[in-house]
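Just so you know, these numbers come straight off a predicted model, no measurement behind them. Both counts, for ligands and for their atoms, begin at 1 and track the order of listing.
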Amino acid sequence: MKHTETPLLYEMSVPGRTGTILPKLDVPETALPKDLVRDDLGLPELDELSVVRHFTRLSQKNFSVDGQFYPLGSCTMKYNPKMNEDAAALPGFRRTHPLLPETMVQGAAGLLFKLQEALKEIMGYEAFTLQPAAGAQGELTGVLMIRAYHQKKGDTKRVRMLIPDSAHGTNPATCTMAGFVAETIPSNASGAVDMDALKAACEGEKAETVAGLMITNPSTLGLFEPNIREIIDLVHKAGGLVYGDGANMNALMGIVKPGQLGFDVMHLNLHKTFSTPHGGGGPGSGAVGAGPALKDFLPGPVAQREGGRYSFMHPRESIGRMKTFNGNFSVLVKTYAYIRTLGKEGIRRAAEYAVLNANYLKELVKENYPVAYGQCRPCMHEFVASPDLGNGVNTVDIAKRLIDYGFHPPTVYFPLIVKEAFMAEPTETETPETLEAFAAALKAIAEEARTNPEILKSAPHHTPVRRLDETAAARKPVLRYKQQ
Ligand SMILES: *Cc1c(COP(=O)(O)O)cnc(C)c1O
């Protein structure tokens, strides 16, 4: 539908039309105070049905997991079961005030405690905080804990944080915010951490300045890091600690426990892996788990159980609060409902299907959309292709054209180390038929690149607004309707 076919509320206005009938006055009529009345607002005058249709139409223009396939890589746009919403909306949870005394919130505190226990079990950690509101805030929490650990030992020379070049952009940003110096470790030809570069960065004289390593596994290439044990050992030997970016645990949950692999601290994106809805800015949760070296530095309050009663405590060396009260509580209720619905077997099966779906899709499209790294290895929950369809067609053109075919585009141009990166994450909740339909669209687009590249260059064609200048849209957003 063209933009012009969807009139704005203001343009539909008819003078005198209204959606309400006010009751007859039962008090004497007086004029409103002059300074409260403005004639220059030009508010639209409309009937109720027109307003309802207008907003319903607008809502249907949104992409959503409930409406369309949404293979946005590194974002885990899986289906969010409605039962979780029902649980979060139970009056006992929804109407609980965060300042109520512990004795009156035993149910809510018990849920937080049980969620911490479940996450400890799934991830192999000794303790968890549910405070951080997002993945990036979870990262900051973990890295501040590493800083507090070194400071407590008087180890102030440790300022270098090693970060592989395939890392999410938030990793170097977080480490810089926490006062460390980000140092890039290159990837090798197979997309894994270059072990020689890592050794050079943390052996000999350089060892004593290593604060730690921030690493994502599976990497943002969707590949399991084959040398992860050796990498962790090298950093530990230098006296550093290892931060795991666990935003994308969808391939590992129920199968591998990162705590047992040796990651000292790791955040989870409950709004990705554990199915709570996200996009459009939240709310989310970046729960953080810690092993023996760091568990005493976790932010409080942490829920605990003593003699059958639940209460909150603040760990001994806590870095302090990261968020008010107990984090985004409704997200935590949904996470708990999700984990309890799936159970131990279901969590593992979800991860297995996530990997199976990604590999199935990778195989379906590899002729025109081959992966740049790890051709001979199975991918994890996602894969990163490097398409070259010819005739000057770029990944951005493919992404825009996919919208015309009714699909949300994958993540594009990330990670930076892949040329024309096209990062697709189908998740476990999609059927084979959906993956096949998506692959068929990609095949049709490859054909269009040969026969009619212009249609790709000028896509999308069926959206309310056509191709946007995304930089200008972000830097100079037009957020307000201006009357002509
Ligand atoms: C999504 C993501 C993050 C950031 O999470 P937010 O909740 O958006 O702050 C960090 N690292 C990786 C690998 C991610 O995929």
Any Ile398 side-chain heavy atom under 4.5 Å of Pro410 side chain: no
Any protein N or O within less than 3.5 Å of an N or O in ligand 1? List each pair with its distance, or say none.
unit_1	atom_1	unit_2	atom_2	d
ligand 1	5 (O)	Asn269	ND2	3.0
ligand 1	7 (O)	Gly135	N	2.8
ligand 1	7 (O)	Asn269	ND2	3.2
ligand 1	7 (O)	His271	NE2	2.8
ligand 1	9 (O)	Gly135	N	3.3
ligand 1	9 (O)	Ala136	N	2.8
ligand 1	11 (N)	Asp245	OD1	3.2
ligand 1	11 (N)	Asp245	OD2	2.6
ligand 1	15 (O)	Ser74	O	3.0
ligand 1	15 (O)	Ser74	OG	2.8
ligand 1	15 (O)	Asn248	OD1	3.2
ligand 1	15 (O)	Lys272	NZ	2.8

Exercise: do Thr56 and Ser59 side chains pair donor with acceptor under 3.5 Å: no
So does Lys257 pair up with Glu121, basic N to acidic O under 4.0 Å? yes
Ion pair check, Arg475 and Asp469, cut-off under 4.0 Å: no
Any donor and acceptor pair, going by atom type alone, linking the side chain of Thr220 with main-chain N or O of Ser166 inside 3.5 Å? yes
Parallel under 30°, tilted from 30 to 60°, perpendicular over 60°: which one fits the rings of Phe422 and Phe438? parallel
